[in-house]
Protein chains: 2
Amino acid sequence: MVAPESIVEAFEGAGYRLTSPRRALAALIAARTGHFTAEDLLAEANRGRHGPGRATIFRSLEVLAELGAVERLDLPSGGHAFVACEPAHHHHVVCSSCGRSTEVSDNGLEGMAEAIQRETGYRVDTHRLELFGVCPRCRSRAT
Amino acid sequence: MVAPESIVEAFEGAGYRLTSPRRALAALIAARTGHFTAEDLLAEANRGRHGPGRATIFRSLEVLAELGAVERLDLPSGGHAFVACEPAHHHHVVCSSCGRSTEVSDNGLEGMAEAIQRETGYRVDTHRLELFGVCPRCRSRAT
DNA sequence: GTTTTTGCAAACCATTTGCAGGGTC
DNA sequence: GACCCTGCAAATGGTTTGCAAAAAC
């Protein structure tokens, strides 16, 4: 869904050192088609015998989330997951069947935030929108 | 922000038994002006010496969230909190300074969901929108 | 009297942290 | 060579669970 290089570049561009655990992690993330949890990556890393360790995975995901190369999602279940993405403001629709996700511009939401600001008097600083549904592929397969 | 009775009624209406721990919890929740964590309630419950225990608090919050008497929030920090609310579809603007929150109709969002559906082909089932900012009171106080 | 709820404390699980050795710039 | 990064394993902190006693219906 995302090239491993773009993740490596995120590290690089922000002045982080290029290490083999980070390269390996980039590959693991790039190999994912949908959203994934830290646990998923960890399991995958342990499968191959030279994958990054638990601590590195968590630490790197945090960095990547800060850099915007990855976004943290709050699943309806209360758990956390991540999706690789382009570093621009946007949101995701996540397929609850296969986990695949698609980016969505927040076209319209900006306006809504302004309307809310006017109505409530709050100064709205940030928002998070998460959409969950079924992707086209799963819809047709489900038939 | 919400009357204790409305919470008690939520239990009642759904066929749950009315117990004193549940009444006490309803009062604790009603006393909150903003969002609160399970931990907050637990601390408060322990202050008075006959409050509900840890397990009951978590179990009840889960039930109330299911019933829609309370909504679970995902804070930007990654933690979880709750707000008491009316059981209708809506969203909240949460003040990051004092924790107070206000309900917001999702006026407009419905339309957005449809647009997204059309654009991406996903069938959108649910969404969660959380807004964070500074409430009027804190804005003026902050000057 | 039957069924639900509670409380306690132990179990859990994801995530974080301290620290010494190793790798990168 | 200096400083950043990693792995390990132990600590953490919020949330869940098993079970016997207590309360509601």
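Throughout, protein chains are lettered first and strands after them, A, B, ... in sequence-line order, and every chain is numbered starting at 1.
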>> Distance check needed: D:dC5 P versus A:L18 CG, whole Å only.
In response: 10 Å
> Can you tell me how far the CG atom of B:L25 sits from the CG atom of B:L41, to the nearest 0.5 Å?
Replying inline: 6.0 Å
>> How many whole angstroms separate atom CZ of B:F58 from atom P of D:dG14?
In response: 8 Å
> Rounding to a whole Å, what distance do you find between B:L41:CG and D:dT15:P?
Replying inline: 11 Å
> Of all the nucleotides listed (C:dT5, C:dT24, D:dT15), which has the minimum atom distance to the side chain of B:Y16?
Replying inline: C:dT5
> Is it true that A:R72 and A:D74 have a side-chain N and a carboxylate O under 4.0 angstrom from each other?
Replying inline: no
>> Checking side-chain polar atoms at under 3.5 Å, does A:H127 have a donor or acceptor matched by the opposite partner on A:H91?
In response: yes
> To the nearest angstrom, how far is B:R17 atom CZ from D:dA23 atom P?
Replying inline: 13 Å
Using atom names, set out every protein N or O paired with an N or O of nucleotides 6-9 of chain C below 3.5 Å, distance rounded to 0.1 Å.
from: C:dT6; atom 1: OP1; to: B:T19; atom 2: OG1; distance (Å): 3.1
from: C:dG7; atom 1: OP2; to: B:G53; atom 2: N; distance (Å): 3.0
from: C:dG7; atom 1: OP2; to: B:T56; atom 2: OG1; distance (Å): 2.5
from: C:dG7; atom 1: N7; to: B:R59; atom 2: NH2; distance (Å): 2.9
from: C:dG7; atom 1: O6; to: B:R59; atom 2: NH2; distance (Å): 3.3

>> Please report the distance, rounded to the nearest Å, between CZ in B:F11 and P in D:dC25.
In response: 13 Å
> To the nearest Å, how far apart are A:D40 CG and C:dA14 P?
Replying inline: 10 Å
>> Output the rounded distance in Å from CG (B:L42) to C1' (D:dG13).
In response: 13 Å
> Distance check: side-chain N/O of A:H80 vs OP1/OP2 of C:dA14, anything under 4.0 Å?
Replying inline: no
> A:S140 side chain to A:R137 main-chain N or O, any donor-acceptor pair under 3.5 Å?
Replying inline: yes
> Atom CG of B:D74 to atom P of C:dA14: distance rounded to whole Å?
Replying inline: 17 Å
> Does the distance from a Lys or Arg side-chain N to an Asp or Glu carboxylate O, for A:R32 and A:E44, drop under 4.0 Å?
Replying inline: yes
>> For B:F11 and B:Y16, take the angle between the two ring planes, folded into 0 to 90°, and tell me which bin it lands in: parallel under 30, tilted 30 to 60, perpendicular over 60.
In response: perpendicular
